[in-house]
Asks: 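A single structure is presented below for examination.
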Amino acid sequence: MNWSLRLGTVLGIPIRVHFTFLILLAFFSFGEASRSGARAGLGSLLFMLLLFSCVLLHELGHCVVARRYGVTIASITLYPFGGIAVLNEIPREPAREVLIAIAGPAVNFIIAAGLYLGIGFLQPSSHLELSALSGSDLLGSLFSANLSLGLFNLIPAYPLDGGRILRGILATQMPYASATHWAARVGKLFGGVLVLAGIYREDWLLPILGVFLYIMANSEQQATLLHTAMEGLSVKDLMITDYLSASPADTLSGMLNRSFHTFQEDFPVLRDGNFLGVLTRSRLIEALREEQRDQFVQSVIQPVSGWVSPADPLRDALKRMNAERVSLLPVLEEGRMVGIVTLTGILRGASLLAGRPPIR
């Protein structure tokens, strides 16, 4: 299930907002309105929108620097606790990773400096200080928020920007996977400290943030191990040659019956040996729920324009899948289809090589 809504694109990067962010907007706005009136509620809503605009600029700061090093960006998603820019690949050069990580907090510090100068110009007699985050003092709250965001992200707790800086520094002295392992351990430790601090102070926000950090650190650590396990592997190492295919003239009910005899998740659709696209199990089930049992496969094919060769690096196949948002690619050799490579197969194979249980 897709839990995010696409807002549009900035600099060619898809911008998405997670549904929990919308719930947060409504929660704070209605809460403030019930306590202090409709005007205060609108002020709180405006502050939250401006704050997450700053979060978006923070993530765009990462993306602009990453692009200078040839890294492509899949998307940016806004969550209640901040934003996440999904980079298709993190540069393995420590200095480049450090510069990409620093770019985000640097944007927040630049915004805070601009607000500081703006407030001094508009309100020369006022004394600017860190204020509570609310819509009543919009400029002062935004100044405090950006300063806090910049400083918080520099905490050396992976996957915060400070944790990525820490990994970059460690990677100059040890293998990349080991640097990720130690940076992730620091991130998990910091997440645990936040949980304990929240329980001690009876502050519900700190435990939630701590759990979020712990989960993200663990997830990033596993992802890095998977990518490390794929190094040196080519498509032929994990390509599937004995697979179940579909014809565009097959019915969906017929394909469902055939799929019972395989663990295969997605099926290449072929006509006279030519690859036409993919029939995903999820799309098959969705069509059957809509009582389209007698519909032909042709009507639900997911088009796929990319392909790989057996000699291509496995990492390249994964990049192409991410770029096209597909879970299967045909493997062609001298114009002839010799197999398929699937996202499930890559993750399962890399998980086994990394010494972990297969990921579903």
Side-chain angles (χ1 to χ4, degrees), residues 3-4 16-25 27-28 48 51-52 54-63 66 74-87 90 94 97-98 100-109 133 144-171 176-228 356 359:
W3 295 97
S4 61
R16 301 177 180 276
V17 57
H18 200 262
F19 85 100
T20 52
F21 169 68
L22 303 177
I23 294 176
L24 182 71
L25 282 182
F27 174 79
F28 276 102
M48 292 297 294
L51 173 59
F52 276 86
C54 296
V55 172
L56 176 58
L57 291 174
H58 172 110
E59 298 302 327
L60 287 172
H62 292 308
C63 296
S75 65
I76 294 175
T77 303
L78 299 179
Y79 292 88
F81 294 110
I84 294 180
V86 180
L87 309 183
I90 296 294
E97 180 174 14
V98 169
I100 292 173
I102 288 176
V107 169
N108 291 122
F109 292 140
L133 305 183
S144 299
N146 276 280
L147 193 59
S148 300
L149 279 172
L151 293 173
F152 178 76
N153 274 280
L154 287 178
I155 295 173
Y158 192 78
L160 295 179
D161 296 328
R164 296 186 184 278
I165 294 171
L166 174 62
R167 178 173 69 175
I169 295 172
L170 291 175
Y176 188 79
S178 299
T180 301
H181 171 73
W182 286 106
R185 290 190 68 175
V186 173
K188 292 177 185 179
L189 178 62
F190 188 79
V193 169
L194 283 180
V195 171
L196 295 177
I199 295 174
Y200 177 76
R201 298 181 57 183
E202 298 183 355
D203 184 347
W204 61 270
L205 183 61
L206 290 179
I208 294 177
L209 186 57
V211 171
F212 178 78
L213 277 177
Y214 187 95
I215 293 174
M216 291 299 296
N218 190 62
S219 176
E220 292 259 0
Q221 183 181 17
Q222 290 190 23
T224 301
L225 288 173
L226 290 176
H227 281 278
T228 302
R356 292 180 174 270
I359 291 180

Asks: If I compare all heavy atoms of Pro105 with all of His58, which pair ends up nearest, and what's the gap?
Replies: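 The answer is N-CE1, 3.4 Å.
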Asks: For a quick test of your reading: what N or O donor-acceptor pairs under 3.5 Å do the side chains of residues 177-186 make, sequence neighbours left out?
Replies:
{"from": "Thr180", "atom 1": "OG1", "to": "Arg167", "atom 2": "NH1", "distance (Å)": "3.2"}
{"from": "Thr180", "atom 1": "OG1", "to": "Tyr176", "atom 2": "O", "distance (Å)": "3.0"}
{"from": "His181", "atom 1": "ND1", "to": "Gln221", "atom 2": "NE2", "distance (Å)": "2.9"}

Asks: What is the distance from atom CG of Leu149 to atom CZ of Phe152, rounded to the nearest 0.5 Å?
Replies: 9.0 Å
Asks: Which value, rounded to the nearest 0.5 Å, describes the distance between Tyr158 atom OH and Leu166 atom CG?
Replies: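 Going from OH on Tyr158 over to CG on Leu166, the span is 10.5 Å.
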Asks: Between Pro207 and Leu196, is any pair of side-chain heavy atoms under 4.5 Å apart?
Replies: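 No, their side chains stay 4.5 Å or more apart.
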Asks: Side chains of Val107 and Leu60, heavy atoms from C-beta outward: is any pair under 4.5 Å?
Replies: no
Asks: Over all heavy atoms of both residues, which pair between Leu51 and Ala145 is shortest? Give the atoms and the distance, please.
Replies: CD1-CB, 3.5 Å
Asks: Do the side chains of Phe52 and Val55 get nearer than 4.5 Å, heavy atoms only?
Replies: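 Side chain of Val55 against side chain of Phe52, heavy atoms only: contact under 4.5 Å found.
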Asks: For the side chain to side chain contact (heavy atoms under 4.5 Å, CB included) test, which of Ile199, Leu194, Val195 pairs with Leu206?
Replies: Leu194
Asks: Among residues two or more places apart or on two chains, list those pairs meeting salt bridge (Lys or Arg N to Asp or Glu O under 4.0 Å) that have a residue in residues 189-211.
Replies: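 Sorted pair list comes back empty.
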Asks: Distance from Asp161 atom CG to His62 atom NE2, nearest 0.5 Å?
Replies: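 Here the interatomic distance stands at 3.5 Å.
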Asks: Identify, with sequence neighbours excluded, every residue that meets side-chain contact (heavy atoms from CB on, under 4.5 Å) alongside Val98.
Replies: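 Result, side-chain contact (heavy atoms from CB on, under 4.5 Å) vs Val98: Ile102, Ile165.
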Asks: Nearest 0.5 Å please: distance from the OG1 atom of Thr77 over to the CG atom of Leu56.
Replies: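 It comes to 10.5 Å.
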Asks: Is the shortest heavy-atom distance from the side chain of Phe109 to the side chain of Asn146 under 4.5 Å?
Replies: no
Asks: Pro94 and Gly168: which non-hydrogen atoms are nearest, and at how many Å?
Replies: CB-O, 3.0 Å
Asks: Please check this pair: side chain of Ser148 against backbone of Ser144, looking for a donor-acceptor N/O pair closer than 3.5 Å.
Replies: yes
